[in-house]
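Below: one structure, written as structure tokens.
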Protein chains: 2
Amino acid sequence: MSASRVTIKDVAKLAQVSIATVSNVINGTGRVSTETRRKVERAIGQLDFAPSASARTLKDKQSSLIAVVVPLLEKGRLQDNPFYWHLVRGIEESARGVKLHVILIGIGPDETFSFVREQHLDGLIFVGAFARTEVVESMLRLGVPCVFMDSLVDDPSYYQVVLDDELGGYIGTKHLLSLGHERIALLTGVLLEGGVNYCRWQGYRRALEEAGVPYRPELVYEEPTSSLGGYRAASRIGAKTGGITAVFALSDMTAIGLVKGLHDLGISVPRDISVVGFDDDERARYCIPALTTVRQDIVEKGRTAVRLLTAQLERDPLAERRVTLGVELVPRQSTAPPSR
Amino acid sequence: MSASRVTIKDVAKLAQVSIATVSNVINGTGRVSTETRRKVERAIGQLDFAPSASARTLKDKQSSLIAVVVPLLEKGRLQDNPFYWHLVRGIEESARGVKLHVILIGIGPDETFSFVREQHLDGLIFVGAFARTEVVESMLRLGVPCVFMDSLVDDPSYYQVVLDDELGGYIGTKHLLSLGHERIALLTGVLLEGGVNYCRWQGYRRALEEAGVPYRPELVYEEPTSSLGGYRAASRIGAKTGGITAVFALSDMTAIGLVKGLHDLGISVPRDISVVGFDDDERARYCIPALTTVRQDIVEKGRTAVRLLTAQLERDPLAERRVTLGVELVPRQSTAPPSR
DNA sequence: CTGAAAGCGCTTACAG
DNA sequence: CTGAAAGCGCTTACAG
């Protein structure tokens with residue numbers, strides 16, 4: 001019963017059949033009589049046999065391994081936004097459902113992606129901003145199935161799961177407008193054309209325009225997407241004479257930092273300034289005041305990515321290439337009509 | 001230059017040597033003349049050769065893959081505490097440094113762990129509470145290196161990285177005592193003997209005892225470790241006549257829910273009730289009021305786990321089996337002397 | 001210092 | 001329905 005090094009040979013011997021037959025039973029391939037099948041299954045059970053993935057991979061080039069590729073921060077560590085955890089949770093759950101294993105990989109700017117071939121990865125999920133770099137292109141040329149999440153790729157031939165970011169920017173802004181705000185600042189991460197923030201910014205502009213409120217570039221604050229970034233922005237925004245009455249922060253993480261920063265400056269949310277976030281991660285609900293935000297279903301996003309990946313693995317010709325997930329405004333306590 | 005299916009044979013042919021020699025160059029084994037080595041390296045570069053991990057694993061039983069094993073929630077999804085993300089970040093970073101890849105696995109109560117043998121995993125890091133179950137025992141008997149984090153295992157032969165939880169419970173409580181609090185509630189997750197919460201609870205008791213404050217079991221609130229658990233506890237704690245003036249919550253997640261719950265009941269922190277958390281995750285600093293908490297370095301915890309794992313992989317006889325990480329009180333604004 | 005050959009544990013035509 | 005055999009891409013004694 002020492003399960004250490006049981007191979008298909010041991011099973012074959014015990015069941016008194018050939019290894020080919022054992023293989024057929026395991027994979028449900030070929031034709032095997034019920035009786036033989038039973039014998040083999042019994043032997044497998046008795047020996048507690050687990051087929052070697054490496055031998056299998058060596059033969060058929062399928063590893064059942066997919067990678068979640070996360071950009072590294074400067075210090076060589078994975079992104080710190082807990083957002084990623086929820087994404088990964090969704091991915092792991094779905095992958096488990098289709099017998100894929102998830103390997104987590106942080107990559108820097110100089111990545112060679114040799115691990116993809118080394119490990120015979122079946123597919124890749126790129127999480128976060130990835131432009132169409134040369135490596136990625138060559139990846140696609142190699143035929144390794146890829147799915148991009150929240151990336152900057154325009155190319156409709158890429159598989160990607162994105163959010164309706166433009167709409168998100170729109171409804172968040174609209175909410176503030178409908179409360180009566182006009183001087184609405186936008187607190188965003190880097191604005192790269194085609195990027196997530198860029199789309200949200202477009203939605204922001206559309207809402208303003210529709211409402212007949214002039215767009216003022218000086219109300220757009222570009223800060224790192226981190227709590228600290230939000231915190232720091234508070235002083236810049238608070239110092240603004242001319243009265244910003246509301247801020248739309250493009251992530252809950254920055255929104256939370258912002259609220260804290262405003263609070264430390266003696267500026268009360270929502271009395272003096274209203275704040276809208278983006279994501280609706282768990283923190284939003286428990287903030288004081290509870291954060292009004294634009295909700296996205298992050299776990300679902302991860303699930304969808306796996307679906308797009310498996311569609312490729314199964315060469316499903318009907319598979320959609322681009323799935324856009326919805327957004328939803330969640331009004332809570334951090335927004336109110338302007339005081340004056 | 002099609003990098004698709006380049007094997008060691010192609011390299012050998014191009015470099016005009018045998019595949020054995022190529023293998024030796026790659027692995028730095030055997031004796032190879034400088035000239036030959038250079039030829040081979042050039043060929044590898046030209047062909048952009050990446051050795052097949054599966055072939056290698058098949059031969060030498062080392063996959064360079066380790067698994068982070070996370071318990072599943074009921075819905076079949078990974079734990080939702082973002083705490084895990086930071087752990088995983090630390091693990092991924094260190095693993096990358098020693099050329100190991102990290103696979104993420106959620107397991108339910110009926111797990112068979114067959115994936116360990118299937119994938120020839122080199123090691124396992126168990127994250128969260130794992131008792132010494134039969135599977136785990138058999139895992140250890142198989143000789144698969146394991147490291148336990150925050151687990152309930154007493155056995156000194158297990159490799160584990162733990163926190164000085166008793167001390168954490170002690171200093172958190174002590175802090176409140178020194179501010180003048182006496183009716184200090186403890187908000188904890190499940191109290192299992194030997195578990196993380198249990199140790200912290202012991203520290204809590206020690207601090208009380210030292211201060212000559214009687215321990216009152218009715219002040220110990222056992223709630224799920226979640227923001228919602230904390231939120232719900234608020235009403236039970238707030239309703240308490242007899243005046244609880246401080247609460248020590250054994251995770252920031254519950255502390256945050258608690259503060260919110262108290263706030264919704266019109267109970268002000270720290271004016272009416274002081275609150276101490278545990279973990280010091282990023283949220284703590286940005287809470288309103290900023291949360292006083294017991295800090296642990298979660299990323300470092302992950303790093304340490306990998307160190308213990310590699311020590312086993314290298315059969316380092318001097319390796320410590322149990323590393324205890326320190327804790328530190330971080331006083332912020334959620335604690336103050338009792339109002340009366 | 002270098003190479004021929006066996007073998008790791010599977011799967012897959014191909015015979016029978 | 002079942003089995004013998006080749007082969008996936010490496011590593012590792014073993015000769016030379």
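Just so it is clear, the model here is predicted, and its values are computed rather than measured. Atoms considered below: every heavy atom in the structure, side chains included; atoms not considered: hydrogens, waters and symmetry mates. Lettering follows sequence order; numbering is per chain, from 1.
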Between atom [atom1] in [X] and atom [atom2] in [N], what is the gap in whole Å?
X	N	atom1	atom2	result
A:Ile19	C:dT11	CD1	P	9 Å
A:Ile44	C:dC10	CD1	C1'	13 Å
B:Gln62	D:dT11	CD	C1'	12 Å
A:Glu118	D:dT11	CD	C1'	16 Å
A:Arg56	C:dT12	CZ	P	9 Å
A:Leu47	C:dG9	CG	C1'	15 Å
B:Ile8	D:dG7	CD1	P	19 Å
B:Asp60	D:dG9	CG	C1'	12 Å

When you compare the side chain of B:Val161 with that of B:Val147, does any pair of heavy atoms fall below 4.5 Å?
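When only atoms from C-beta onward are counted, B:Val161 and B:Val147 do touch, with a gap below 4.5 Å.
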Where the side chain of [X] is defined as all heavy atoms beyond and including C-beta, which of [options] is the nearest nucleotide?
X	options	result
A:Lys59	C:dG3, D:dC10, C:dC10	C:dC10
A:Lys9	C:dC8, C:dT11, D:dG9	C:dC8
A:Val32	D:dT2, C:dT2, C:dC10	D:dT2

Give a yes/no on whether any side-chain N or O of [X] is located under 4.0 angstrom from OP1 or OP2 of [N].
X	N	result
B:Asn24	C:dT2	no
B:Ser33	C:dC1	no
A:Thr36	D:dT2	yes
B:Ser18	C:dG3	yes
A:Thr7	C:dC8	no
A:Ser23	C:dT11	yes

Watson-Crick or G-U counterpart of C:dC1, or none if no pair lies under 3.5 Å
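Paired with C:dC1, as far as the under-3.5 Å criterion goes, is D:dG16.
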For [X], which contact category applies under a 4.0 Å heavy-atom criterion: base, sugar-phosphate, or nothing?
X	value
B:Thr57	nothing
B:Arg31	base
B:Ser54	nothing

Does atom NZ of A:Lys61 have more than 12 heavy-atom neighbours, drawn from other residues, nucleotides or ligands, at distances under 6.0 Å?
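Yes.
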Which residue, B:Ala20 or B:Leu58, contacts DNA chain D at a nucleotide closer to its 5' end, judged by nearest heavy atom?
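Its nearest nucleotide lies further toward 5', so the answer is B:Leu58.
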Assign the ring pair A:Phe126 / A:Phe113 to parallel, tilted or perpendicular, where the plane angle (0 to 90°) is split at 30° and 60°.
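A:Phe126 and A:Phe113: tilted rings.
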Once the angle between the rings of B:Trp85 and A:Tyr84 is folded into 0 to 90°, is it parallel (under 30°), tilted (30 to 60°) or perpendicular (over 60°)?
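B:Trp85 vs A:Tyr84 ring planes: parallel.
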Just by distance, with hydrogens left out, do B:Thr57 and B:Ser54 show a side-chain donor and acceptor under 3.5 Å apart?
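B:Thr57 vs B:Ser54: no donor-acceptor pair found between side chains.
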5′-ward residue of the pair B:Arg37/A:Ser52 relative to DNA chain C:
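Between the two, 5'-proximity favours B:Arg37.
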Using only atom types and a distance under 3.5 Å, with no angle test, would you say the side chain of A:Arg321 pairs donor to acceptor with the backbone of A:Ser157?
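Present.
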